[in-house]
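Taking it in order: structure first as structure tokens, then the write-up.
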Amino acid sequence: DDFEILLGGDGSDPAFLPIPEAATTCSLRQYYLEWQPKEPAVFTIECLDDAPEPARIDGAAVAARLGTALAQTERSVRFWNDYLNEHRAKGVDNAFAPPMALKKGLGAARYGFLFYALAPDEALVIDTDVPDARYWNLQLATMGWYEPPDAVRRITSINQHQAHVDADGRARFVVSAVDPGCPNWLDPAGHLEGLLTFRWFWPKSDPSPSTRVVPVSAVTASLPKETPRVDAAARRAEIRRRMEHLAWRFRS
């Protein structure tokens with residue numbers, strides 16, 4: 001459905017959300033639950049005031065803006081690299097830190113962070129109750145750059161519509177460099193150290209995931225007996241669906 005968000009004013013008009021003095025950005029997030037060609041929302045922005053025509057930009061202003069963009073890029077790389085290292089140092093690898101809710105951003109969001117460190121023949125098995133939430137997912141990110149290892153050709157994220165839930169109502173996920181042949185595999189694309197984020201939004205309660213590191217050869221024995229096997233053909237089809245959707249989603 002169509003909707004509008006009104007920003008600005010001094011806060012006296014109940015229809016408008018005031019813009020804090022230091023605010024510079026308004027961010028909008030949209031989530032795809034399934035790999036299917038649904039058009040994203042189209043957002044337009046309009047100034048309702050009779051604002052004066054901006055002055056013509058000159059060379060000095062262009063140079064200043066380019067300098068600001070370069071400085072912001074460098075600050076961002078340093079900030080997120082430090083952020084990852086500082087948070088990792090506060091916890092223990094291969095175990096979730098306590099859930100956290102951020103004061104800024106989406107207030108209804110909950111996050112569970114885990115830094116993993118695995119050998120090439122090891123797997124991290126996550127066993128969790130299914131969050132009672134409108135949206136939840138697990139996703140991988142690299143150290144240093146804080147980006148998906150390979151969002152197109154690898155399975156680096158799984159949400160509630162894509163996840164396999166076992167007969168006991170619990171979901172098991174596996175992070176390993178080698179395909180373990182089971183559902184809910186997250187592929188780190190050769191990054192044996194990284195970040196796993198568990199997110200759940202608008203929750204009625206928080207999940208309690210547990211973790212353990214096992215040899216890749218022992219993954220099947222670590223899962224319920226009724227857990228289906230995923231052969232090479234099924235895995236290729238799963239990745240193909242992902243690639244096709246992303247190719248459509250980011251088409252030009």
Kindly work out whether a path of hydrophobic side-chain contacts (I/L/V/M/F/W/Y, heavy atoms less than 4.5 Å apart) joins [X] to [Y].
{"X": "Leu28", "Y": "Phe3", "value": "yes"}
{"X": "Leu114", "Y": "Val214", "value": "no"}
{"X": "Leu223", "Y": "Val216", "value": "no"}
{"X": "Val230", "Y": "Val174", "value": "no"}
{"X": "Val213", "Y": "Ile126", "value": "yes"}

Cationic tip of Arg110 above Trp200 ring, under 6.0 Å, 45° of axis: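 Because its charged atom misses either the 6.0 Å distance or the 45° angle limit, Arg110 does not stack over Trp200.
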
With the threshold set at 4.0 Å, does a side-chain nitrogen-carboxylate oxygen contact exist between Arg251 and Glu244?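 Looking at Arg251 and Glu244, the cut-off is not met.
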
Atom of [X], atom of [Y] and distance for their closest heavy-atom approach:
{"X": "Ala133", "Y": "Pro203", "result": "CB-CA, 3.9 Å"}
{"X": "Ala123", "Y": "Val219", "result": "CB-CG2, 3.6 Å"}
{"X": "Asn81", "Y": "Gly144", "result": "OD1-CA, 3.3 Å"}
{"X": "Gly8", "Y": "Phe16", "result": "O-CB, 3.5 Å"}
{"X": "Ala51", "Y": "Cys47", "result": "CB-SG, 4.3 Å"}
{"X": "Leu246", "Y": "Ala151", "result": "CD1-O, 3.1 Å"}

Without swapping roles, check the side chain of [X] against the backbone of [Y] for a donor-acceptor pair under 3.5 Å.
{"X": "Thr73", "Y": "Ala69", "value": "yes"}
{"X": "Glu122", "Y": "Pro215", "value": "no"}
{"X": "Asp168", "Y": "Arg170", "value": "yes"}

Result of checking Thr197, Asn159, Thr156 against Gln139 for side-chain contact (heavy atoms from CB on, under 4.5 Å):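 The option that passes is Thr197.
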
For Met143 and His191, what are the C-alpha separation, side-chain angles and deciding distance, and is it a side-chain contact (heavy atoms from CB on, under 4.5 Å)? CA-CA 9 Å; Met143 298 297 293; His191 294 268; over 6 Å; no

If you measure from [atom1] on [X] to [atom2] on [Y], what distance do you get to the nearest 0.5 Å?
{"X": "Cys26", "Y": "Ile19", "atom1": "SG", "atom2": "CD1", "answer": "8.0 Å"}
{"X": "Gln160", "Y": "Arg134", "atom1": "CD", "atom2": "CZ", "answer": "11.0 Å"}
{"X": "Thr44", "Y": "Glu4", "atom1": "OG1", "atom2": "CD", "answer": "9.5 Å"}
{"X": "Leu138", "Y": "Thr128", "atom1": "CG", "atom2": "OG1", "answer": "7.5 Å"}
{"X": "Ile5", "Y": "Phe43", "atom1": "CD1", "atom2": "CZ", "answer": "7.0 Å"}
{"X": "Trp80", "Y": "Asn85", "atom1": "CH2", "atom2": "CG", "answer": "13.0 Å"}

With a 4.5 Å limit on heavy-atom distance, are the side chains of [X] and [Y] in contact?
{"X": "Phe173", "Y": "Pro209", "value": "no"}
{"X": "Arg229", "Y": "Thr220", "value": "yes"}
{"X": "Phe201", "Y": "Tyr111", "value": "yes"}
{"X": "Gln162", "Y": "Ile155", "value": "no"}
{"X": "Leu195", "Y": "Thr142", "value": "no"}

Quick one: side-chain hydrogen bond (donor to acceptor under 3.5 Å, both in side chains) partners of Glu46, sequence neighbours excluded?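 Residues passing side-chain hydrogen bond (donor to acceptor under 3.5 Å, both in side chains) with Glu46: none at all.
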
Is it true that atom CZ of Arg240 has more than 12 heavy atoms of other residues, nucleotides or ligands lying nearer than 6.0 Å?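 Not more than 12 within 6.0 Å, no.
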
Ile45 atom CD1: more than 12 heavy-atom contacts under 6.0 Å: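 Counting other residues, nucleotides and ligands, CD1 of Ile45 stays at 12 neighbours or fewer.
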
Determine, step by step, whether Leu118 and Leu124 satisfy the side-chain contact (heavy atoms from CB on, under 4.5 Å) criterion, reporting the C-alpha distance in whole Å, the side-chain angles of both residues, the deciding distance to 0.1 Å, and the verdict. CA-CA 8 Å; Leu118 302 170; Leu124 175 69; 4.1 Å; yes

Please tabulate, one pair per line, all N/O donor-acceptor pairs under 3.5 Å involving side-chain atoms of residues 179-188, not counting sequence neighbours.
unit_1 : atom_1 : unit_2 : atom_2 : d
Asp179 : OD1    : Gly181 : N      : 2.9
Asp179 : OD1    : Arg235 : NE     : 3.4
Asp179 : OD1    : Arg235 : NH2    : 2.8
Asp179 : OD2    : Arg235 : NE     : 2.9
Asn184 : OD1    : His164 : N      : 2.8
Asn184 : ND2    : His164 : O      : 2.8
Asn184 : ND2    : Arg172 : O      : 2.8
Trp185 : NE1    : Ser176 : O      : 3.0
Trp185 : NE1    : Ser176 : OG     : 3.2
Asp187 : OD1    : Ala189 : N      : 2.9
Asp187 : OD2    : Arg154 : NH1    : 3.1

N/O donor-acceptor pairs under 3.5 Å from side chains in residues 86-97, not counting sequence neighbours:
unit_1 : atom_1 : unit_2 : atom_2 : d
Arg88  : NE     : Asp93  : OD1    : 3.1
Arg88  : NH1    : Glu193 : OE1    : 3.0
Arg88  : NH2    : Asp93  : OD2    : 2.8
Arg88  : NH2    : Glu193 : OE1    : 3.4
Asn94  : OD1    : Ala117 : N      : 3.0
Asn94  : ND2    : Ala117 : O      : 3.2

Evaluate the criterion side-chain contact (heavy atoms from CB on, under 4.5 Å) for residue pair Val178 and Asp121; output intermediate values, then yes/no. CA-CA 7 Å; Val178 180; Asp121 60 347; over 6 Å; no

Any donor-acceptor pair under 3.5 Å linking the side-chain atoms of Ser157 with those of Arg242?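 The criterion, which ignores hydrogens and geometry beyond distance, is satisfied for Ser157 and Arg242.
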
Any side-chain donor near an acceptor of the partner, Thr227 and Asp166, under 3.5 Å: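 Present: a donor and an acceptor within the cut-off.
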
For the residue pair His245 and Trp248, categorise the inter-ring angle as parallel (less than 30°), tilted (30 to 60°) or perpendicular (more than 60°).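 Aromatic pair His245/Trp248 classed tilted.
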
Tyr146 and Tyr83 aromatic ring geometry - parallel, tilted or perpendicular at 30°/60° bounds: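 Because their plane-to-plane angle is under 30°, the rings of Tyr83 and Tyr146 count as parallel.
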
Residues Thr211, Val125; criterion side-chain contact (heavy atoms from CB on, under 4.5 Å); working and verdict: CA-CA 6 Å; Thr211 61; Val125 179; over 6 Å; no

